[in-house]
Engineer: 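After the structure tokens below, expect a handful of questions from me.
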Number of protein chains: 2
Amino acid sequence: MGTTQLETVPEPKYWHLKNVLSEALDQDFAVGEVLPNERELAARFGVARATLRQALEQLELEGRLQRRRGVGTTVAPPRVGVDVGGNRHGWPGDSVDGWQPLDATEGLAPAAVAALLGAATGPAAAGANAPAYAADAPVHIVRRTRATQGQAVAAELLYVPAASVPGLTGIEAPSGPARARAVLRELQRLVLDGQDRSVELGSARADDARELDRLPGAPVLLVTTRYLTEAGTAAVSVATYRADTCRLTFGDSGDVQITHEPRVAS
Amino acid sequence: MGTTQLETVPEPKYWHLKNVLSEALDQDFAVGEVLPNERELAARFGVARATLRQALEQLELEGRLQRRRGVGTTVAPPRVGVDVGGNRHGWPGDSVDGWQPLDATEGLAPAAVAALLGAATGPAAAGANAPAYAADAPVHIVRRTRATQGQAVAAELLYVPAASVPGLTGIEAPSGPARARAVLRELQRLVLDGQDRSVELGSARADDARELDRLPGAPVLLVTTRYLTEAGTAAVSVATYRADTCRLTFGDSGDVQITHEPRVAS
DNA sequence: GAGTGGTCTAGACCACTAT
DNA sequence: TAGTGGTCTAGACCACTCA
């Protein structure tokens, strides 16, 4: 009974290790510097490589490290702020903030996207009048990528029901970026009523991962945007942002520089 | 030369496993149902438990699964949409959307927050006139949590420089929720000019994790908000949202129900 | 106390990058 | 070809929940 029993909370090794490394990064390393390799680090800290890797994974998730197979582990620069909401009432392509159209194809929207395209736009549009979109109707699928400071940060799939762009004839631009631009141009003719957006965590599909120069399954921020017109949802965009390097910004008041915020250890 | 060489891309086992499980979840499992335990699943698929766990981790990251130590792995319900931007031009506490003040203390803002508090508000406010905040000045730190449908989804630290709320006397409410409410009340007296927000991926600090009923290091979405007045940045909020269960929504057009979007396998 | 997920180990091999 | 990070294994023990 004399034992003082001081909060026996055995902190996991990898957690403690993460915090130790985090401090070391702040103090002893410059951005871009390469760390010792995993086997040496593990030996130096007296843990198994798997444990060391668990700590590194955390730090990578927090945007502190960058790991590349065959190369090594380097100290990551602060996350870049990528404006997502500033273009508040514009169609995609209205302003040139790093987006690059790749191509456009015709196909079917995945179920989740179809649901968004078919959903009512608000309390007013309930019932049988609004949904000008059937789940199995063809949609134009525009692929775009976005780069900031020479780095690919996002890949997007933009789903545009054929009904939204009746003026588009498949003949004028059979394929490639030109066709993508044609779809965007037609879209910009419509009057945009509003848009709503959502952000969630996901993992990169194989194709997105390749586009973003990451491994499949890498953590990404999924930004889903609905473009609304009087007639309903005119288009849905699903953009995949690299979660390790990006900070999504929703600026109400112009360009604002927000500096990197490192998470402090508990 | 007769060999057809069909894309020798050896898909990682855990990735394939993830996709197999993902399909099984769609077809054979209902929300809330418990999966067989990890040792059995690993045996059933003929892989080591660590490999099986890698697949489960991915699915948990995508919000498809929920794992609780000592209990088991269950099928997660679709992510709940949490409105983050709808309160577009309001102070925290203006509308009651699930936030619950916990307490308020006085202390120093961490460096990253201090930078935001001290930063100029825009191109107009450059130079020496704006920053009414010194890095080592005391701030009120208000803690709040947010619940949706009975579930804790977010923990927030709201940093309010003492200079922003001169009317606040420490006497009227010495501690606890009452004091937190007092700070919020004073804040609401000010005229809000605008706000800007950013979202990034992070990992839960130990205290946030406890608040959110997760383990330390769990993936979270960090929402940083600056509240701007004529005088500069009046307050900064850093909110930590559970990334596994939440989808942040930024609605321009009222309440919109967006359904869960499962990511399709590559 | 039985059963669950969480942590950790020591080793092996593979895929990729650079030289 | 040497060196890096990525995958995988088979096993052990620990922390937690619940009957």
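All values below were derived from every heavy atom in this structure, side-chain atoms included, with hydrogens, water molecules and symmetry-related copies excluded. Quick note on labels: first sequence line is chain A, next is B, and so on, each numbered from 1.
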Engineer: Tyr14(A) or Val71(A): which one's nearest nucleotide on DNA chain C is closer to the 5' end?
Structural biologist: Tyr14(A)

Engineer: What nucleotide among dG5(C), dG6(D), dT9(C) has an atom nearest to a side-chain atom of Ala48(A)?
Structural biologist: dT9(C)

Engineer: Write down the distance between CD (Glu57(A)) and P (dT7(C)), rounded to a whole number of angstrom.
Structural biologist: 12 Å

Engineer: Would you kindly give the NZ-to-P distance between Lys18(A) and dC8(C), to the nearest whole Å?
Structural biologist: 14 Å

Engineer: Of the nucleotides dC8(D), dT4(C), dG5(D), which one has an atom closest to the side chain of Thr73(A)?
Structural biologist: dG5(D)

Engineer: Using a strict 4.0 Å threshold on nitrogen-to-oxygen distance, state whether Arg53(B) and Glu38(B) make a salt bridge.
Structural biologist: yes

Engineer: Is a donor-acceptor contact shorter than 3.5 angstrom present between the side chain of Arg39(A) and the base of dG5(D)?
Structural biologist: yes

Engineer: If you find the nucleotide of DNA chain C closest to Gly70(B) and the one closest to Ala50(B), which residue's nucleotide is nearer the 5' end?
Structural biologist: Gly70(B)

Engineer: Using a cut-off of strictly less than 4.0 Å, decide whether Thr51(B) has a side-chain nitrogen or oxygen near OP1 or OP2 of dT9(D).
Structural biologist: yes

Engineer: Between Arg64(A) and Asp26(A), is there a side-chain N and carboxylate O pair less than 4.0 Å apart?
Structural biologist: yes

Engineer: When you check the phosphate oxygens OP1 and OP2 of dT4(C), does a side-chain N or O of Asn37(B) lie under 4.0 Å from one of them?
Structural biologist: yes

Engineer: Using the rule given for side chain to side chain contact (heavy atoms under 4.5 Å, CB included), can you reason through Gln54(B) versus Lys13(B), listing the C-alpha separation, both sets of side-chain angles and the distance that settles it, and then say yes or no?
Structural biologist: CA-CA 10 Å; Gln54(B) 216 173 336; Lys13(B) 269 191 194 177; over 6 Å; no

Engineer: Figure out the CZ/P separation between Arg69(B) and dG6(C), and round it to whole Å.
Structural biologist: 7 Å

Engineer: Does the dG6(C) base have a donor-acceptor partner in the side chain of Arg49(B) within less than 3.5 Å?
Structural biologist: yes

Engineer: Can you check the Leu59(B) CG to dG5(C) C1' distance for me, whole Å?
Structural biologist: 16 Å

Engineer: Is the shortest side-chain N/O distance from Arg53(B) to OP1 or OP2 of dG5(C) below 4.0 Å?
Structural biologist: no

Engineer: Ignoring hydrogens and angles, tell me if any N or O in the side chain of Thr249(B) forms a donor-acceptor pair with the backbone of Val82(B) under 3.5 Å.
Structural biologist: yes

Engineer: Return the value, rounded to whole Å, for the distance between atom CD of Glu11(A) and atom P of dC14(D).
Structural biologist: 18 Å

Engineer: Report yes if at least one side-chain N or O of Lys13(B) is closer than 4.0 Å to OP1 or OP2 of dG6(D); otherwise report no.
Structural biologist: no

Engineer: Taking atom P of dC16(C) as reference, at what distance in whole Å does atom CZ of Arg67(A) sit?
Structural biologist: 17 Å

Engineer: How long is the line joining CG of Leu215(A) and P of dC16(C), in whole Å?
Structural biologist: 9 Å

Engineer: What I want to find out is whether Glu11(A) reaches Lys18(A) closely enough, with some N-O distance under 4.0 Å, to be called a salt bridge.
Structural biologist: no

Engineer: To the nearest Å, how far apart are Leu52(A) CG and dA10(C) P?
Structural biologist: 13 Å

